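Quick notes on the structure that follows.
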Amino acid sequence: MIEHKPYDADSPHTRWDSLYTGEAGDYEEPDADILEAVADLDVGEALDVGCGAGGLCIELDKRGWVATGIDIANKAITAAQRAAEERGSDATFVAADAAAWEPERSYDLVTCNFGLPPQPDSRSAVYATMRRAVAPGGVVLLKVGDHTGSRAPAAFVGYESLNLEELKRGFEVLKAKIVDSPAHAHAHAHGGPEQQRELWKALIFMARRPTA
C-alpha cells in the first residue's frame with residue numbers, strides 16, 4: 001500500500017529526494033544494529049521514521065510486525081513500495097514530513113535510522129512526532145551520527161549539534177527509561193545515484209515509554 005502526500009517543493013528537505021531513483025533497486029538491506037536491538041522485542045505495530053527505500057519495514061513485516069514507513073522523499077516511498085511488491089511485503093509507506101505528520105494511531109516500536117533533519121528546530125518537531133506515536137510500554141529506537149569532536153560530512157552540514165544529550169532532552173517528557181546505555185555503533189553510509197557515500201560514526205539511543 002502506498003500513500004503520497006505533497007510537501008513544500010522549496011523545503012530544504014527535498015534534497016533527500018535526490019538520493020533515490022524511485023526504483024526497487026534503491027532497496028538496501030536493513031541496518032544490522034537496528035535489527036539486533038529489536039530482536040528480543042514482542043512483535044506488534046512498528047513505525048519507521050525516515051524509512052528510505054523501505055529495507056527495515058520490509059524486514060520487520062517479514063518477522064511478523066505490522067510495519068509502516070514514512071519519508072519526506074516521494075522517490076524513496078515509490079522505491080519502497082516497488083521493493084515491497086517484489087518481496088511480497090505488506091508494509092505500508094507514506095510520503096510525509098515527519099516534522100509535521102500527525103500519527104493516527106500509536107505504535108509499539110518507533111524507529112529512526114539516520115532520518116533526522118539537519119536543523120535543530122526541525123529535529124525537535126520530529127522528536128515530538130515520535131513521542132506522540134509511541135504507545136505506552138513501546139520502544140523508541142534511533143541510530144544517529146555521532147559527531148562529538150568531529151565534523152559532519154560535507155553533504156550534511158548542519159548536524160554537528162546532534163548529540164546524545166539532545167536525544168535525552170527530546171524524549172525526557174515521556175519519562176522514558178533508557179533500555180540500553182547508548183553506545184557507538186557501526187558506521188553508516190548514505191548515498192544515492194549521484195551521491196558520494198560517506199561513513200558516519202554512529203550511536204544507538206533506545207528508550208521505553210512507561211505504561212503509566
Side-chain angles (χ1 to χ4, degrees), residues 5 7 11-20 26-35 37-38 46-60 67-81 83 91-103 107 109-134 139-147 152-153 155-159 161-164 166-167 170-171 182 185-192 195 197-207:
K5 294 183 179 180
Y7 55 82
S11 166
H13 298 301
T14 58
R15 65 181 173 178
W16 291 107
D17 220 36
S18 67
L19 297 175
Y20 303 95
D26 288 331
Y27 173 89
E28 293 184 0
E29 292 297 325
D31 188 280
D33 293 321
I34 299 291
L35 293 180
V38 305
L47 172 69
D48 188 25
V49 175
C51 65
L56 179 59
C57 285
I58 291 170
E59 179 61 27
L60 290 176
T68 299
I70 68 170
D71 200 288
I72 196 169
N74 281 332
K75 285 183 180 179
I77 294 301
T78 299
Q81 176 62 17
T92 297
F93 298 99
V94 179
D97 182 350
W101 184 70
E102 191 63 42
Y107 299 85
L109 172 65
V110 179
T111 60
C112 183
N113 180 28
F114 279 79
L116 295 173
Q119 301 85 0
D121 288 347
S122 295
R123 289 201 298 267
S124 294
V126 173
Y127 301 150
T129 297
M130 296 178 74
R131 293 195 302 265
R132 292 192 298 272
V134 66
V139 167
V140 172
L141 173 63
L142 296 94
K143 182 176 180 181
V144 302
D146 178 13
H147 306 307
F156 296 101
V157 170
Y159 282 92
S161 62
L162 176 56
N163 54 42
L164 176 57
E166 178 182 308
L167 294 175
F171 294 95
H186 300 138
H188 174 91
H190 202 311
Q195 302 291 326
R197 299 181 67 83
E198 297 179 276
L199 293 177
W200 293 23
K201 186 170 63 175
L203 61 83
I204 294 283
F205 178 84
M206 187 174 182

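Here the structure is a predicted model, which means the values were calculated and not measured.
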What closest approach, in Å, do [X] and [Y] show between heavy atoms, and which atom pair accounts for it?
X: Ala96; Y: Trp101; value: CB-CD1, 3.6 Å
X: Leu47; Y: Ala133; value: CD2-CB, 3.8 Å
X: Asn74; Y: Ala95; value: OD1-CB, 3.0 Å
X: Tyr127; Y: Glu166; value: OH-OE2, 2.5 Å
X: Arg123; Y: Pro118; value: NH1-O, 2.6 Å
X: Arg131; Y: Gly170; value: NH1-O, 2.6 Å

Once rounded to the nearest 0.5 Å, what's the spacing between atom [atom1] of [X] and atom [atom2] of [Y]?
X: Ile58; Y: Glu28; atom1: CD1; atom2: CD; answer: 12.0 Å
X: Leu167; Y: Met206; atom1: CG; atom2: CE; answer: 14.0 Å
X: Ile34; Y: Glu59; atom1: CD1; atom2: CD; answer: 13.0 Å
X: Ile72; Y: Asp97; atom1: CD1; atom2: CG; answer: 4.0 Å
X: Cys51; Y: Asn113; atom1: SG; atom2: CG; answer: 11.0 Å
X: Ile77; Y: Thr92; atom1: CD1; atom2: OG1; answer: 10.5 Å

query: What do the steps show when you test Met130 against Leu142 for side chain to side chain contact (heavy atoms under 4.5 Å, CB included), and what is the final call?
result: CA-CA 10 Å; Met130 296 178 74; Leu142 296 94; 4.0 Å; yes
- request: May I have the step-by-step check of side chain to side chain contact (heavy atoms under 4.5 Å, CB included) for Val38 and Leu60, ending in yes or no?
  value: CA-CA 9 Å; Val38 305; Leu60 290 176; 4.2 Å; yes
message: Restricting to side-chain hydrogen bond (donor to acceptor under 3.5 Å, both in side chains), what partner residues turn up for Tyr107, sequence neighbours left out?
response: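 Listed in chain order: nothing, the list is empty.
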- prompt: Does the Asp71 side chain pair with the main chain of Gly52, one donor and one acceptor, at a distance under 3.5 Å?
  reply: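 Confirmed, Asp71 side chain pairs with Gly52 backbone.
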- request: Would you confirm whether Thr129, through its side chain, and Ala125, through its main-chain N or O, come within 3.5 Å as a donor-acceptor pair?
  value: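 Yes; at least one donor-acceptor contact below 3.5 Å.
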message: Show, in sequence, the C-alpha distance, side-chain angles and deciding distance for Leu56 and Leu35, and conclude whether the side chain to side chain contact (heavy atoms under 4.5 Å, CB included) test is met.
response: CA-CA 8 Å; Leu56 179 59; Leu35 293 180; 3.8 Å; yes
